[in-house]
Amino acid sequence: MKNFAEDVIIEVFEEIKGTNPNFCNCEKCRRDVIALALTKIRGRYACSPEGEIFARVEQSDRQVRADALFAVMEAMDTVIKRPRHSEEERS
Ligand SMILES: [Zn+2]
């Protein structure tokens with residue numbers, strides 16, 4: 001159950017990552033987006049014990065996917081503006 005949100009996030013991310021030409025698709029940025037999106041979507045469901053909401057819904061549930069899509073897009077935007085790899089890798 002714990003990984004359900006992550007599965008949905010990764011699935012949505014794989015679907016939309018190619019739509020933004022500004023996104024650096026390296027492993028580090030990819031992981032950052034997924035981690036950020038997960039934090040966001042968990043915050044969204046904070047009033048429920050974690051996992052319960054995800055346990056009740058099917059993976060295809062439209063509301064969860066819509067929330068995941070929104071979280072991933074926001075996370076991508078954040079990572080595009082502040083890519084954390086640049087300082088480490090370019091120095
Ligand atoms: Zn990168």
Side-chain angles (χ1 to χ4, degrees):
M1 240 26 93
K2 186 170 168 261
N3 293 325
F4 181 80
E6 192 170 0
D7 288 347
V8 176
I9 293 286
I10 290 170
E11 200 183 303
V12 169
F13 171 71
E14 294 295 331
E15 277 172 24
I16 69 160
K17 66 179 182 186
T19 66
N20 194 329
N22 295 321
F23 181 63
C24 160
N25 195 29
C26 77
E27 189 58 26
K28 192 151 195 171
C29 289
R30 192 177 169 276
R31 270 194 234 129
D32 275 357
V33 168
I34 289 164
L36 259 173
L38 259 177
T39 305
K40 285 175 197 293
I41 205 167
R42 280 181 177 149
R44 196 167 281 255
Y45 291 110
C47 52
S48 304
E50 189 183 333
E52 241 183 59
I53 181 91
F54 295 111
R56 275 188 257 117
V57 297
E58 294 295 322
Q59 187 149 357
S60 59
D61 184 271
R62 285 185 180 188
Q63 187 58 51
V64 172
R65 287 187 66 86
D67 287 346
L69 180 65
F70 187 71
V72 169
M73 290 196 309
E74 267 194 350
M76 274 176 81
D77 211 46
T78 303
V79 172
I80 287 165
K81 283 175 188 153
R82 295 195 299 270
R84 291 199 297 168
H85 63 237
S86 53
E87 289 160 30
E88 293 164 38
E89 285 172 16
R90 284 174 197 170
S91 58

Atom pair NZ (Lys81) and CG (Asn22), whose distance is rounded to the nearest 0.5 Å: 11.0 Å

Within residues 8-28 or reaching into it, pairs that qualify as ring pair (Phe, Tyr, Trp, His ring centres under 6.0 Å) - sequence neighbours excluded: Phe13-Phe23

Any residue meeting side-chain hydrogen bond (donor to acceptor under 3.5 Å, both in side chains) with Asn20, in chain and number order, not counting sequence neighbours: none

For Ala37 against Ala75, the heavy-atom pair lying closest together: N-CB, 3.7 Å

Closest approach of Val8 to Ala68 (non-hydrogen atoms, all atoms of both residues): CG1-CB, 3.6 Å

Inter-residue atom distance Ile9.CD1 - Leu69.CG, 0.5 Å rounding: 9.5 Å

Beyond-backbone contact of Arg30 with Glu27, side-chain heavy atoms, under 4.5 angstrom: yes

Derivation of the side-chain contact (heavy atoms from CB on, under 4.5 Å) call for Val33 and Lys17: CA-CA 10 Å; Val33 168; Lys17 66 179 182 186; over 6 Å; no

Any side-chain heavy-atom pair of Asp7 and Glu11 under 4.5 Å: no

Side chain proximity check, Cys24 to Pro83, heavy atoms < 4.5 angstrom: no

Arg31 side, atom CZ; Arg84 side, atom CZ - distance, nearest 0.5 Å: 10.5 Å

Sidechain N-carboxylate O distance under 4.0 Å for Asp32, Lys28: no

Contact summary for Met73 and Ile16, nearest pair of heavy atoms: CG-CD1, 3.6 Å

For Glu15, all residues meeting salt bridge (Lys or Arg N to Asp or Glu O under 4.0 Å), sequence neighbours excluded: Arg65

